[in-house]
Colleague: 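The structure follows.
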Amino acid sequence: MSPFAYDFDVVVIGAGHAGCEAALASARLGAKTALLTMSCDTVAAMSCNPAIGGIAKGQIVREIDALGGEMGRVIDATGIQFRMLNRTKGPAMHGPRAQADKKAYQFEMKRRIEDQEHLTLRQEIVERVDVVDGQVTGVWVRGPALYRARAVVVTTGTFLQAIMHTGEAQTAGGRAGEGTTNSLSECLRGLGFELARFKTGTPCRLNGRTIDFGAVELQPGDAQPQPFSFLTDRITQPQVPCHLTKTNDVVHELIRKNLHRAPMYSGQIASRGPRYCPSIEDKVVRFADQPSHQIFLEPEGRNTREYYCNGISTSLPRDVQEEFIHAIRGLERAEVMRYGYAVEYDYAPPTQLTPALETKLVSGLYFAGQINGTTGYEEAAGQGLMAGCNAALKVAGKDPLILERSQAYLGVMIDDLVTKGVDEPYRMFTSRAEYRMLLRHDNAHRRLTPLGNAIGLVTPERWQRLQLLEVEIARADAILDTTRVQGIPLEQILRRPEATWDQVCAMSPQAAALGLSTEAADQVCLETKYAGYLKRQTAAIEKFEQVQGVTIPEHFAYQAVPQMRAEAKEKLTRIRPRNLGQALRISGITPADIAILLLYVKEPSRLAN
């Protein structure tokens, strides 16, 4: 008897943050798309911190939004506290962040997926990917049933051969209360993919009714919350406060005495975790001179008393967690609702991917999210959007959308992953972006929406709104260029650090008559004040692109290049960079290697001699 078979253009495996954006992008480009998840009740679930954005992460969310993605709009609709981080620093360092109503976020994202034309959400357990002659042809699910497709996007998060650890106790699963998948790991290995192991962790959750809020510090949101999405005019829902407390010497001593029971220190876990988001055990060991560490008490929603303890991720046993929690100010009588744990899972080193996030081994197969060794909802969602978009473009016979490092944080992240690989879970930071003054969160729509519009990824509403904004900015720029006040150019006045657009309008009737929107005024002020820096970064990009722009043929024979070191040949053959700029960023590749390579790329006939 033949199994059930379904026909789609694109299949997305996993409905976490990467899978949701991948499926939406694919469907919006007209591909008939299936989104397969182990449970329809956990679509867009927040496994760890119930928040979106932050330093550099907020930039990614804005970029996802600029390309027509959904994360920014959903957090605007369901957020319970909004804050702009690093507000006292320069604009390139600002990071929008919002506390989420965890369940409301899930339900809102799920509804948008259910409403999306060309997209089918199904509860299925995928057991293997079907490949014929190096081309993906679909996936097999438990049942059995076959989903035929010309492109497949794998977004399995922490669920590949996952094991959860709480002290000595070990449980199979990628998230508390849920299972894991082993057969898909075996399938990928069978296809020739290299897999490795990472770990991540999460803290305990407490019943807010049992927290002494009078003993902890209040952390309110911004008085004027700033939306993530270009399409959100303003945040109107009331905000909910967070609170702050700290660990202390008693807590640290309890942890030190029980390190032998912590899986990371007992040898039970050998894989690496995120260095920039360490467990409380790691903090106590690595920062032994610190008398305390901050703990942010963050509500998980409007209709629950559950609080997330940001800052004390742990895999210590239950009894130790109870003891050290009760030694913290304000938490002396707190009730634990969920204990912290660590989870180990398989990932595929991302140097096995092209910059389109397509695997080099199997045509039409894409990886996105934690399977690529990243950490964070935002990094996952950004990869998902790009992978889903490129899967649909491939099915349509079109070229992929590849963002350069000078265009987006998404371009920086993907280039880092596929060029340098990872030796720990990858997290985005502003310091990773060479051109961060150009890649601010506030101008993401101006940078990327034209690209999304060119391939049909953004709505007419978004495109028209951007066009109106650009007209406003152009008119303001013209006034600044042609108007003087007491002989001083208006542009020069606005460049003064303390000058505002309102002050310019008070000096110039022509500027006041424009009636600029707040967003247009903000853009004009920032672009004017930082014009010198922006000009230098633009010049640096143009200079670099003289080298970056030298394309390397896809099947270039590196092994045939004389004078080149064996290590360089091996790495270049494995990574297969698109151009000399990417080749130069490969770890271990020297300027001398690039000089030799340039000679033979420009004169390939030399290889035959």
Side-chain angles (χ1 to χ4, degrees), residues 16 39 41-52 78-81 98-107 157-158 162-179 200-219 240-248 251 254-255 258 261-263 277 279-281 293-343 377:
S39 172
D41 295 326
T42 57
V43 171
M46 292 182 160
S47 305
C48 197
N49 193 353
I52 295 293
T78 62
I80 58 177
Q81 188 191 90
Q99 199 68 27
D101 184 315
K102 186 166 73 172
K103 288 298 180 184
Y105 185 96
Q106 282 183 247
F107 293 148
T158 61
I163 299 175
M164 294 179 291
H165 302 260
T166 301
E168 299 87 351
Q170 299 181 48
T171 308
R175 183 165 52 217
E178 299 180 43
T200 189
T202 193
C204 62
R205 276 70 158 177
L206 306 178
N207 187 331
R209 176 178 56 82
T210 63
I211 296 173
D212 181 3
F213 288 107
V216 297
E217 182 183 337
L218 184 70
Q219 288 264 303
V240 177
C242 297
H243 295 81
L244 176 66
T245 187
K246 297 179 180 180
T247 62
N248 52 54
V251 172
L254 282 169
I255 291 171
N258 288 279
R261 300 179 66 194
C277 188
S279 66
I280 187 61
E281 300 96 282
H293 298 283
Q294 290 184 327
I295 304 169
F296 294 92
L297 302 174
E298 301 173 338
E300 297 222 332
R302 296 184 189 277
N303 299 304
T304 179
R305 293 283 191 175
E306 194 167 355
Y307 272 74
Y308 177 90
C309 299
N310 190 344
I312 51 171
S313 173
T314 184
S315 59
L316 283 162
R318 291 171 174 237
D319 59 300
V320 180
Q321 291 189 42
E322 291 269 7
E323 194 172 2
F324 81 65
I325 283 291
H326 293 150
I328 295 169
R329 182 176 175 82
L331 308 183
E332 293 87 351
R333 290 179 295 278
E335 293 179 2
V336 176
M337 295 180 69
R338 308 179 200 234
Y339 292 94
Y341 61 91
V343 57
Y377 309 143

Colleague: Quick one: does any side-chain atom of Gln106 pair with a main-chain N or O of Ala104 as donor and acceptor, under 3.5 Å?
Modeller: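 Pair absent, no side-chain N/O of Gln106 close to backbone of Ala104.
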Colleague: Between Gln170 and Ile163 (side chain of the first, backbone of the second, donor and acceptor by atom type, cut-off under 3.5 Å), is there such a pair?
Modeller: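 No, Gln170 side chain to Ile163 backbone: no donor-acceptor pair under 3.5 Å.
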Colleague: In Å, rounded to the nearest 0.5 Å, how long is the span from CD of Gln294 to CD1 of Ile312?
Modeller: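 Spacing of CD (Gln294) from CD1 (Ile312) equals 13.0 Å.
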Colleague: Would you check if Thr166 and Pro317 make a side-chain contact, meaning some heavy-atom pair closer than 4.5 Å?
Modeller: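 They are not in contact (no side-chain heavy atoms under 4.5 Å apart), so the answer is no.
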Colleague: Could you tell me whether the side chain of Asp101 and the main chain of Arg302 form a donor-acceptor pair under 3.5 Å?
Modeller: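 A pair under 3.5 Å: yes.
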Colleague: Could you check if a side-chain atom of Leu331 sits within less than 4.5 angstrom of a side-chain atom of Ile211, using non-hydrogen atoms only?
Modeller: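 When only atoms from C-beta onward are counted, Ile211 and Leu331 do touch, with a gap below 4.5 Å.
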Colleague: Within the 4.5 Å heavy-atom criterion, are Arg318 and Tyr341 side-chain neighbours or not?
Modeller: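 No, side chains not in contact.
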Colleague: Within the structure provided, determine whether Ile255 and Thr247 are in side-chain contact (heavy-atom separation under 4.5 Å).
Modeller: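 No. Closest side-chain heavy atoms not under 4.5 Å.
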Colleague: Measure from the ring center of Tyr377 to the ring center of Tyr105 and say whether it is less than 6.0 Å.
Modeller: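 Distance test on ring centres: not under 6.0 Å, no.
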Colleague: Identify the heavy atoms of Ile80 and Ala100 that sit nearest to each other, and give their distance.
Modeller: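 Closest approach of Ile80 to Ala100, heavy atoms only: CD1-O, 3.9 Å.
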Colleague: Please check: side-chain N/O of Gln321 versus main-chain N/O of Leu316, any donor-acceptor pairing under 3.5 Å?
Modeller: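 Looks like yes, one N/O pair under 3.5 Å.
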Colleague: Just checking, is any N or O donor in the side chain of Arg175 or Ser47 under 3.5 Å from an acceptor N or O on the other one?
Modeller: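 On atom types as modelled, these side chains qualify, holding a pair under 3.5 Å.
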Colleague: Side-chain contact, heavy-atom cut-off 4.5 Å: Glu306 with Arg338?
Modeller: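 Yes, their side chains come closer than 4.5 Å.
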